[in-house]
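Since this is a predicted model, take the numbers as computed values, not measurements.
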Amino acid sequence: MLREAGHEVTGSTRNEESASLIRDLGGEPVIVDMFDADAVKQAVTAARPEVVIHQLTSIPRAMNPKRIVEEFETNNRLRREGTRNLMDAAKAAGARRFVAQSFGQAYAPGGPGLRVETDPLNVEQGDIVRAIADLEQTVTQTEGIEGLALRYGFFYGPGSSYAADGAQADALRKRRFPIVGKGDGMHSFIHVDDAAAAAVRAMDQGSPGIYNVADDEPARVADWLPALAEAVGAPPPRRVPVFLAKWFGGEYGVYFMTRGQGISNEKAKRELALGLRYPSWRQGFREALG
């Protein structure tokens, strides 16, 4: 999308395989360890970017909900240390703007309605959310550069865990992804193409700050999970009580399934001119995952 918009692109990666992909897509690859501050600064200053887009994550393809704290340790470090290294390098290179991936399903529980950007994050939930807060602070409060943090909904589509060949689809086919309790947790989704398009728009549109980036239809687990199962050819999900889910899914898994908060995309639509190929996960699941 960046190349189609006429931009010169340098893409970072940790391995040669991904470097070949970046090259095939029309970008200039650079292999760099984001925990090596000097190497990051050297790579970014050599690229002389006008805008830095930070989509770095280190999330396992298939996660064990009971071990999510341990499995996110590297990702937490990347959100903190990696973000600081990349931001420092962006400033040293004279970049005008810094656009970073954040996560929109980390809001503290609140009253009825959708969560907006001024609502608090659920930092008491643990270090995963605190690392998100630290990333956003670095991005939006660093002087001398315009910082935008995009709080994405759950990704679905090619390459994501909610792809037809992703970990969630596999768990559904094995009947290991149940509806917990009444399935009242609210989730917001975004197709990966729409997520990427939002990052491209954020290069030139919107004032610095935080933006929820999701589709128009947050939904209860009890509504979207059966639709996902149907789209990927899996049997209908089982239903399990909360006490049993805590035993095999852990506190994090139960929280998302029962108390997750949907997010409003109104600010992104207004300030980033967010356009959606898939305005609803209903259409997206059916057309992109079937």
- Message: Atom CD of residue position E16 - does it have more than 12 heavy atoms of other residues, nucleotides or ligands inside 6.0 Å?
- Response: yes

- Task: Determine, step by step, whether K269 and D216 satisfy the side chain to side chain contact (heavy atoms under 4.5 Å, CB included) criterion, reporting the C-alpha distance in whole Å, the side-chain angles of both residues, the deciding distance to 0.1 Å, and the verdict.
- Result: CA-CA 10 Å; K269 294 178 80 170; D216 294 338; 3.2 Å; yes

- Message: Would you say CZ of R14 has more than 12 non-hydrogen atoms from neighbouring residues, nucleotides or ligands within 6.0 angstrom?
- Response: no

- Query: Distance-only, no hydrogens or angles: does the N212 side chain make a donor-acceptor pair with backbone N or O of G104 under 3.5 Å?
  - Reply: no

- Query: Hey, is CZ on R48 packed in by over 12 heavy atoms from elsewhere, all under 6.0 Å?
  - Reply: no

- Message: Within the supplied structure, the quantity of interest is the number of heavy atoms (other residues, nucleotides, ligands) at a distance under 6.0 Å from E146 CD; does it exceed 12?
- Response: yes

- Message: Looking at every heavy atom in both F98 and A90, which two are closest together, and how far apart are they?
- Response: CD1-CB, 3.9 Å

- Minimum heavy-atom separation for L274 to A198, with atom names? CD1-CB, 3.9 Å

- Item | Residue pair V240 / A245: nearest heavy atoms and the distance that separates them | CG2-CB, 4.0 Å

- Message: For E136 and L121: C-alpha separation, side-chain torsions, deciding distance, then whether side chain to side chain contact (heavy atoms under 4.5 Å, CB included) applies.
- Response: CA-CA 11 Å; E136 293 184 349; L121 297 180; 3.8 Å; yes

- Item | D215/R282 ion pair, N-O < 4.0 Å | no

- Hey, can you tell me if F256 and H187 have their rings parallel, tilted or perpendicular (30° and 60° cut-offs)? perpendicular

- Note on the structure: Residues I263 and P218: closest non-hydrogen pair is O-CG, 3.7 Å

- The ring pair (Phe, Tyr, Trp, His ring centres under 6.0 Å) partners of Y278 (sequence neighbours excluded) come to H191

- Task: Would you check if I128 and Y252 make a side-chain contact, meaning some heavy-atom pair closer than 4.5 Å?
- Result: yes

- Under 4.0 Å between a Lys/Arg side-chain N and an Asp/Glu carboxylate O for R84 and D134? no

- Query: Looking just at side-chain N and O atoms, do Q125 and Y255 make a donor-acceptor pair shorter than 3.5 Å?
  - Reply: no

- N/O donor-acceptor pair under 3.5 Å between R175 side chain and P236 backbone: yes

- Does atom CZ of R259 have more than 12 heavy-atom neighbours, drawn from other residues, nucleotides or ligands, at distances under 6.0 Å? no

- Is it the case that one hydrophobic cluster holds both I210 and V123, taking links as side-chain heavy atoms less than 4.5 Å apart, direct or via other members? no

- Item | Full working for side chain to side chain contact (heavy atoms under 4.5 Å, CB included) between H7 and E50 | CA-CA 10 Å; H7 298 290; E50 180 184 0; 6.0 Å; no

- Task: Using atom types as modelled and distance alone, determine if a side-chain donor or acceptor of T57 lies under 3.5 Å from a backbone N or O of I59.
- Result: no

- Message: Hydrophobic cluster membership, with links at side-chain heavy-atom distances under 4.5 Å among I/L/V/M/F/W/Y: are F103 and V139 in one?
- Response: no

- Would a 4.5 Å heavy-atom cut-off, applied to side chains only, mark T258 and D184 as touching? no

- Query: With Y162, which of F189, Y156, F155 fulfils ring-ring contact (aromatic ring centres under 6.0 Å, His included)?
  - Reply: F189

- Message: Tell me whether the count of non-hydrogen atoms from other residues, nucleotides or ligands lying under 6.0 Å of CD in E287 goes above 12.
- Response: yes

- Query: Where is the tightest heavy-atom contact between A100 and L135, given as atom of each residue plus distance?
  - Reply: CB-CD2, 4.3 Å

- H54 and L56 have their tightest heavy-atom pair at ND1-N, 3.3 Å

- Query: Considering only heavy atoms from C-beta outward, does the side chain of V40 approach that of S12 to under 4.5 Å?
  - Reply: no

- Item | Within-4.5 Å side-chain heavy-atom neighbours: I31 and N15 | no

- Is there a donor-acceptor contact under 3.5 Å from the side chain of E217 to the main chain of P279? no

- Checking Q168 side chain against A163 main chain: does a donor-acceptor pair fall under 3.5 Å? no

- Message: Whether the side chain of K182 engages the backbone of A222 through a donor-acceptor N/O pair (distance < 3.5 Å, no angle test) should be reported.
- Response: no

- Task: Taking the side chain as every heavy atom from C-beta outward, state whether V180 and V242 have any atom pair closer than 4.5 Å.
- Result: yes

- Does a side-chain heavy-atom distance below 4.5 Å link Y152 with Q55? yes

- Task: For the residue pair N265 and I190, establish whether any side-chain heavy-atom pair is separated by less than 4.5 Å.
- Result: no

- Report yes or no: does R77 contribute a side-chain atom to a donor-acceptor pair with the main-chain N or O of F35 at less than 3.5 Å? no

- Message: With a 4.5 Å cut-off on side-chain heavy atoms, are M87 and V52 touching?
- Response: no

- Message: Is it true that, when you exclude E271 itself, more than 12 heavy atoms of the residues, nucleotides or ligands shown sit nearer than 6.0 Å to its CD?
- Response: yes

- Message: Donor-acceptor pair, distance only, cut-off 3.5 Å: does the side chain of R201 make one with the backbone of A273?
- Response: yes

- Item | Ion pair D127/R130, N-O distance below 4.0 Å | yes

- Query: Between L150 and L272, does a side chain to side chain contact (heavy atoms under 4.5 Å, CB included) hold up when you go through it step by step?
  - Reply: CA-CA 11 Å; L150 307 184; L272 299 181; 4.1 Å; yes

- Message: So for atom NZ, which belongs to K267, do other residues, nucleotides or ligands contribute more than 12 heavy atoms lying within a distance under 6.0 Å?
- Response: yes

- Linking I/L/V/M/F/W/Y whenever their side-chain heavy atoms sit closer than 4.5 Å, directly or via other members, would I53 and I145 fall into one cluster? no

- Task: Report yes or no: does N85 contribute a side-chain atom to a donor-acceptor pair with the main-chain N or O of M34 at less than 3.5 Å?
- Result: yes

- Look only at the side chain of R115 and the backbone of Q261, and say whether a donor-acceptor pair between them is shorter than 3.5 Å. no

- Message: One thing to verify: whether R96 and D204 come together as a salt bridge, which I'm taking to mean a side-chain N less than 4.0 angstrom from a carboxylate O.
- Response: yes

